[in-house]
Asks: 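Have a look at the structure that comes next, please.
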Amino acid sequence: MDTAENKKSLNFIESIVEKDLKEGKNDGRVQTRFPPEPNGYLHIGHAKAICMDFGIAERFGGICNLRFDDTNPITEDVEYVDAIKHDIQWLGFQWNSIYYASDYFQQLFELAVRLIKEGKAYVDEQSSEEIAKQKGTPTTPGIESPYRNRPIEESLHLFDKMNAGEIAEGAMVLRAKIDMSSSNMHFRDPIMYRIINTRHHHRTGDKWKVYPMYDYAHGQSDFFEGVTHSICTLEFEVHRPLYDWFIDQLATTNYRPQQYEFNRLNITYTVMSKRKMLQLVKEKLVAGWDDPRMPTICGLRRRGYTPSAIRSFINMIGYTKYEGTIDASLMEHAIREDLKPKVDRVCAILDPIKLIITNYPANQLELLSTQNNPDNEQAGERTIQFGKELYIERSDYMENAPKDYFRLTEGKEVRLKSAYIVTCTGSKKDENGRVVEVYCTYDAETKSGTEGSKRKVKSTINWVEIGSSIDAEIRLYDRLFAIEDPSKSDQDFRDLLNPDSLHILKGAKVEAYLQNAKPMDSFQFLKHGYFTVDLDSKPNHLIMNRTVSLKDNTPKEKK
RNA sequence: AGGAAUGUAGUUUAAUUGGUAAAACACCAGAUUUUGAAUCUGGGGACUGAUAAAGCAAGUGUAGGUUUGAGUCCUACCAUUCCUGCCA
């Protein structure tokens, strides 16, 4: 797999790294970092970034560190730190070291003091509204703060008071003194520090009352760590000049981290915003961050997606600077391909109806053999129990069938998968006219594997023997949103949820083989799709999630 | 309107760095099958045309230009995305 991957043409960032290496930039070092903010769970978009950050290091013999961008205690929490670590490792990556932006708070503070002393930063006492107003617009320059040229000593003194907790939250900020008329809005005296003294930081506790902003903290953290290629998504492109400006304040040698941006991942029928996901979770529109409909790593995991499927999907879509939207079917293709050779085919009857073989001896049971996975010889065979009374899918019988219906209807033959050929002889209805039992006769000469079984039959249907079958709750998941691009709609995204994204079937019957299935085990239910045992599944209450359906080409029941 | 960036089949990416526009997914048809899945074979697909026959002075957002030769270089235009949090 790796050789095939290496043959593939390099993406544009890999090309840059290769060139940098050739030119001996940064002493031939390659160092990346994955910098999540611990304020939510990782999603498939992060997986793309993870594959990039760790992938570059792996491919070019460099290192990749995990760094938590924990500069905002208002939204961040340890809960997320552990989940993020787990998700990265589950995806199959291992960081070199773990760092936290908060590890650098002291250094960042000292540098800020230095910038004040150099006249490159000042304490502003205006409200956020005033500062926003003075910022101007992209087409009109901003105006300078009245505090912009206050004495250095005064800023120094106030910055200390800010950090001592003597100033109220929101009352003052530290701003870099750059250019209020820059065409780049980020240069209009960006805020470096704000006061947060009503929250404990999950690592530094109450030590700090001022916290650095992203633009200041991020690049400097890269610098402190020795990052060479700081890879992020396109929306940070306009931040790059500021990133460089701050680095300029620190760099004294040839070493410089360089920021590169690639297109973030968008997928049809879902949202890729942590804010929106949080909202879905908080308003209980989904069952949690790991709801199998969520595009989070934990959601995909619970849905039955594998790390290799996710990685192959990411590999398929590539990295460019064009912001498009990936067809959800591509991800579905990835998981089908991944699971195909790996998981056993089993019988599950989602909407059962009884099939009684009238000429089969009562109380007789026999053991039949069936292939575990026709796409993988090594998976071997297993035995299944057959008897007089079976469950079949309700839809596999029709009382008044059209010509092109090839399954059970009076007088017609079908093959029972891995068993016998049977002929339908009729059915029984209850007082409401609902079919409750279907009858058939079997041909004892047609047992699977024998000569007699070679007869051509139009259709094969699935079944489970009643006595040995086990009950299962089946959760049929579908796309979370009803429309392709919920974020481009004028409507509230919550009104665009797909009302059919989850159907729970309580009365399903599955074959005994699933008796010992454990959470996260995957199977293919013949004709239905790939299913995974849910986390909440118990030995006496089997719950299975549909990962993805088989491709559905059944619109034959037209006309 | 200012700045930054991006336009290649329906979608996402390739294209030996100036030299045959290709792949995957999607779509369509046929064969095959003890899964109406998978598999196999083929097809339309980048411009025009009606879905065709077919055409082309035709094809990589549009229009020009440079060149023996342009998806690739140059110019202009158009479209889309991002930028005015004390979020990251």
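Predicted, not measured: the structure shown is a model, and the values here were computed from it. Lettering of chains follows the sequences in order, A, B, ..., and the numbering in each one begins at 1. Basis for what follows: all heavy atoms, side chains included, without hydrogens, waters or symmetry-related copies.
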Asks: Check whether Asp103(A) reaches the backbone of Tyr100(A) with its side chain - one donor and one acceptor, N or O, closer than 3.5 Å.
Replies: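 Side chain of Asp103(A) to backbone of Tyr100(A), a donor-acceptor pair under 3.5 Å: yes, one is there.
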
Asks: How close do Tyr513(A) and Val346(A) get, heavy atom to heavy atom, and via which atoms?
Replies: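 The pair with the smallest heavy-atom distance is CD2-CG1, 3.5 Å.
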
Asks: Any chance you could list the contact pattern along nucleotides 82-88 of chain B? Use B for base contacts, S for sugar-phosphate-only contacts and - for none, protein heavy atoms under 4.0 Å, 5' to 3'.
Replies: SSB-BSB

Asks: OP1 or OP2 of rU33(B) less than 4.0 angstrom from a side-chain nitrogen or oxygen of Lys456(A), does that happen here?
Replies: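 Affirmative; the distance criterion is met.
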
Asks: Check whether any side-chain N or O of Thr204(A) sits under 3.5 Å from a backbone N or O of His201(A) as a donor-acceptor pair, and report yes or no.
Replies: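 No, the answer is negative, given that no donor and acceptor are paired below the 3.5 Å cut-off.
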
Asks: OP1 or OP2 of rU81(B) sitting under 4.0 Å from any side-chain N/O of Lys321(A)?
Replies: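 Looking at the OP1 and OP2 atoms of rU81(B), neither is under 4.0 Å from any side-chain N or O of Lys321(A).
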
Asks: Is Ser453(A) touching bases, backbone alone, or none of the nucleic acid, heavy atoms closer than 4.0 Å?
Replies: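 Ser453(A): base contact, heavy atoms under 4.0 Å.
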
Asks: To the side chain of Ile317(A), which of rU34(B), rC25(B), rU12(B) is closest?
Replies: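 For the Ile317(A) side chain, the nearest candidate turns out to be rU12(B).
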
Asks: Side chain of His333(A): nearest nucleotide among rC25(B), rA37(B), rU13(B)?
Replies: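 Between rC25(B), rA37(B), rU13(B), the one nearest the side chain of His333(A) would be rC25(B).
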
Asks: So how far is it from Asp189(A) CG to Tyr147(A) OH, rounded to the nearest 0.5 Å?
Replies: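 Interatomic distance, Asp189(A) CG to Tyr147(A) OH, rounded to 0.5 Å: 15.0 Å.
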
Asks: Taking the six-membered ring for Trp and the full ring for Phe, Tyr or His, determine whether the centres of Phe68(A) and Tyr99(A) are under 6.0 Å apart.
Replies: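 When the ring centroids of Phe68(A) and Tyr99(A) are compared, they turn out to be at least 6.0 Å apart.
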
Asks: From the options rA14(B), rA5(B), rA1(B), select the nucleotide whose nearest atom is closest to the side chain of Glu237(A).
Replies: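 Minimum distance to the Glu237(A) side chain belongs to rA5(B).
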
Asks: Starting the side chain at C-beta, find the nucleotide from rU8(B), rA38(B), rU34(B) nearest to Tyr322(A).
Replies: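 Of the candidates, rU8(B) comes closest.
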
Asks: Taking Watson-Crick (N1-N3 plus N6-O4 or O6-N4) and G-U wobble (N1-O2, O6-N3), each under 3.5 Å, can you produce the dot-bracket string of RNA chain B? Use [ ] for crossing pairs and | for inter-strand ones.
Replies: .((((((..((((........)))).(((((.......)))))...((.....)).....(((((.......))))))))))).....

Asks: Under 4.0 Å: is that the gap between some side-chain N or O of Lys340(A) and OP1 or OP2 of rA37(B)?
Replies: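 So the side chain of Lys340(A) is outside the cut-off, no N or O lying under 4.0 Å from OP1 or OP2 of rA37(B).
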
Asks: For the pair Tyr442(A) and Tyr420(A), name the ring-plane relationship: parallel under 30°, tilted 30 to 60°, perpendicular over 60°.
Replies: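 The rings of Tyr442(A) and Tyr420(A) stand perpendicular, inter-plane angle above 60°.
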
Asks: Donor-acceptor pair, distance only, cut-off 3.5 Å: does the side chain of Thr270(A) make one with the backbone of Ile267(A)?
Replies: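 No; zero donor-acceptor contacts below 3.5 Å.
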
Asks: Using only side-chain N and O atoms of Thr320(A), determine if any of them is under 4.0 Å from OP1 or OP2 of rU13(B).
Replies: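 Answer is yes, contact under 4.0 Å.
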
Asks: Does Gln524(A) contact rU35(B) through a side-chain donor or acceptor facing the base, at a distance under 3.5 Å?
Replies: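 Present.
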
